[in-house]
Colleague: 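First the structure, which I've put down as structure tokens, then a few questions once you've had a look.
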Amino acid sequence: MPFLHKFTVQVPLLFSFLLLSPLYSNSAPISKPNNNNVTALINKACSSLTNKVLCMNYLKSNPKVMAAATSKPLDFALAIIHSAIGEAKNIHSYLSKPRGKLSPPAIEAYNYCKTQWGDVASGLEWSLKIKRKDKGYALDTSTDYDFVVNLDHATN
């Protein structure tokens, strides 16, 4: 499943977003990034991952994420979440396609995965909506908790 390969990078990357979320506060002025800042931002986003090169290549290959990396860190993080939503929907769609003759346990496994990926997509859409509304990091930690729960669905 080629879609799963991309998302295995995005799940830990999204967890990194939570670690970087203090950067998204409205209190700190943010200068317009240059190429060095973009590279530093990508390095920081991928720093906690075991496969940093794969993460960096994924981010650099996504034009919308790269375009957002040249504006504000919050826009960069939101673009990553938006990309993850698209990947989750692709995986859900892939798992929703009819299969040939499968055993009952395989059908059950596909249905479970399909449900989980549907939950991931809708949960990340909700998190994205809240993060946009709150302009990044809110004082309310329930939004971050919901975000982590959504990512746990992807991990499962």
Side-chain angles (χ1 to χ4, degrees), residues 1-24 38 41-69 71-156:
M1 290 188 264
F3 298 115
L4 289 176
H5 179 67
K6 289 181 186 175
F7 207 79
T8 58
V9 170
Q10 289 180 329
V11 170
L13 184 63
L14 291 169
F15 279 119
S16 296
F17 165 75
L18 291 176
L19 295 174
L20 299 173
S21 52
L23 293 175
Y24 314 132
V38 169
L41 192 59
I42 290 170
N43 275 328
K44 186 144 184 128
C46 296
S47 65
S48 65
L49 303 178
T50 54
N51 196 336
K52 185 177 177 179
V53 173
L54 181 63
C55 172
M56 292 177 70
N57 288 338
Y58 174 78
L59 291 179
K60 289 176 181 178
S61 71
N62 188 319
K64 290 182 180 179
V65 171
M66 287 305 294
S71 57
K72 298 178 186 173
L74 174 60
D75 294 336
F76 178 62
L78 295 177
I80 293 170
I81 296 171
H82 192 267
S83 177
I85 292 167
E87 293 299 328
K89 286 181 177 182
N90 287 340
I91 294 167
H92 182 263
S93 175
Y94 176 82
L95 293 170
S96 298
K97 290 179 183 175
R99 304 276 175 243
K101 189 170 178 139
L102 296 174
S103 67
I107 293 169
E108 186 179 333
Y110 266 98
N111 287 337
Y112 175 78
C113 288
K114 181 175 72 170
T115 300
Q116 291 293 309
W117 283 109
D119 291 348
V120 168
S122 63
L124 288 176
E125 283 178 329
W126 175 254
S127 293
L128 180 64
K129 178 181 175 184
I130 297 299
K131 289 292 180 189
R132 281 185 176 150
K133 181 181 134 284
D134 292 343
K135 294 186 175 39
Y137 189 77
L139 296 177
D140 174 18
T141 58
S142 66
T143 303
D144 288 340
Y145 176 76
D146 291 343
F147 187 71
V148 171
V149 168
N150 292 326
L151 296 177
D152 285 343
H153 282 283
T155 304
N156 290 336

Colleague: Got a second to check how far D119's CG is from H92's NE2, nearest 0.5 Å?
Modeller: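 Rounded to the nearest 0.5 Å, the CG-NE2 separation comes out at 8.0 Å.
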
Colleague: If you look at every heavy atom in A88 and V120, which pair is closest and at what distance?
Modeller: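 Looking at all heavy atoms of both residues, the closest pair is CB-CG1, 3.8 Å.
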
Colleague: Just wondering, more than 12 heavy atoms not from K89 lying within 6.0 Å of its NZ?
Modeller: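 Count not over threshold, so no.
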
Colleague: Decide yes or no for W117 and N90: does some side-chain heavy atom of the first lie under 4.5 Å from some side-chain heavy atom of the second?
Modeller: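 Heavy-atom side-chain distance check fails, nothing below 4.5 Å.
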
Colleague: Rounded to the nearest 0.5 Å, what separates atom OG in S96 from atom NZ in K114?
Modeller: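 Spacing of OG (S96) from NZ (K114) equals 4.5 Å.
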
Colleague: Can N111 and E108 be said to form a side-chain contact (heavy atoms from CB on, under 4.5 Å), step by step?
Modeller: CA-CA 5 Å; N111 287 337; E108 186 179 333; 5.8 Å; no

Colleague: Does A79 offer a backbone N or O that forms a donor-acceptor pair with the side chain of S83 under 3.5 Å?
Modeller: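 Not a single qualifying donor-acceptor pair exists.
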
Colleague: Looking only at non-hydrogen atoms, find the nearest pair between L124 and A84 and report the distance.
Modeller: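 Shortest heavy-atom separation between L124 and A84 comes out as CD1-CB, 4.0 Å.
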
Colleague: Grab the two heavy atoms, one from D75 and one from A68, that are nearest each other, plus how far apart they are.
Modeller: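 What the structure gives for the nearest pair is O-CB, 3.4 Å.
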
Colleague: Could you tell me if the side chain of L128 sits less than 4.5 Å from the side chain of R132, heavy atoms only?
Modeller: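 R132 vs L128: side chains touch.
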
Colleague: Which value, rounded to the nearest 0.5 Å, describes the distance between K131 atom NZ and K129 atom NZ?
Modeller: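 Between K131 NZ and K129 NZ, I get 15.0 Å after rounding to 0.5 Å.
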
Colleague: Please give me the minimum heavy-atom distance between L102 and A106, naming the atom from each residue.
Modeller: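 Reported closest heavy-atom pair: CB-CB, 4.1 Å.
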
Colleague: Please tell me if the side chains of F76 and K44 come closer than 4.5 Å, counting only heavy atoms from C-beta onward.
Modeller: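 Sidechains of K44 and F76: no contact.
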
Colleague: Looking at every non-hydrogen atom in both residues, tell me the closest pair between R99 and Y94 and how far apart they are.
Modeller: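 Scanning both residues, the minimum pair turns out to be NH2-O, 2.5 Å.
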
Colleague: How long is the straight-line distance from CD of E125 back to NE2 of H82, given to the nearest 0.5 Å?
Modeller: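 One gets 8.0 Å once the value is rounded to the nearest 0.5 Å.
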
Colleague: A45 and L59: which non-hydrogen atoms are nearest, and at how many Å?
Modeller: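 Distance-wise, the nearest heavy atoms are CB-CD1, 4.4 Å.
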
Colleague: If we only count heavy atoms from C-beta on, is the I42 to M66 side-chain gap below 4.5 Å?
Modeller: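 SC-SC contact between I42 and M66 confirmed.
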
Colleague: Could you tell me the separation between the CG atom of N43 and the CE atom of M56, rounded to the nearest 0.5 Å?
Modeller: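 One gets 4.0 Å once the value is rounded to the nearest 0.5 Å.
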
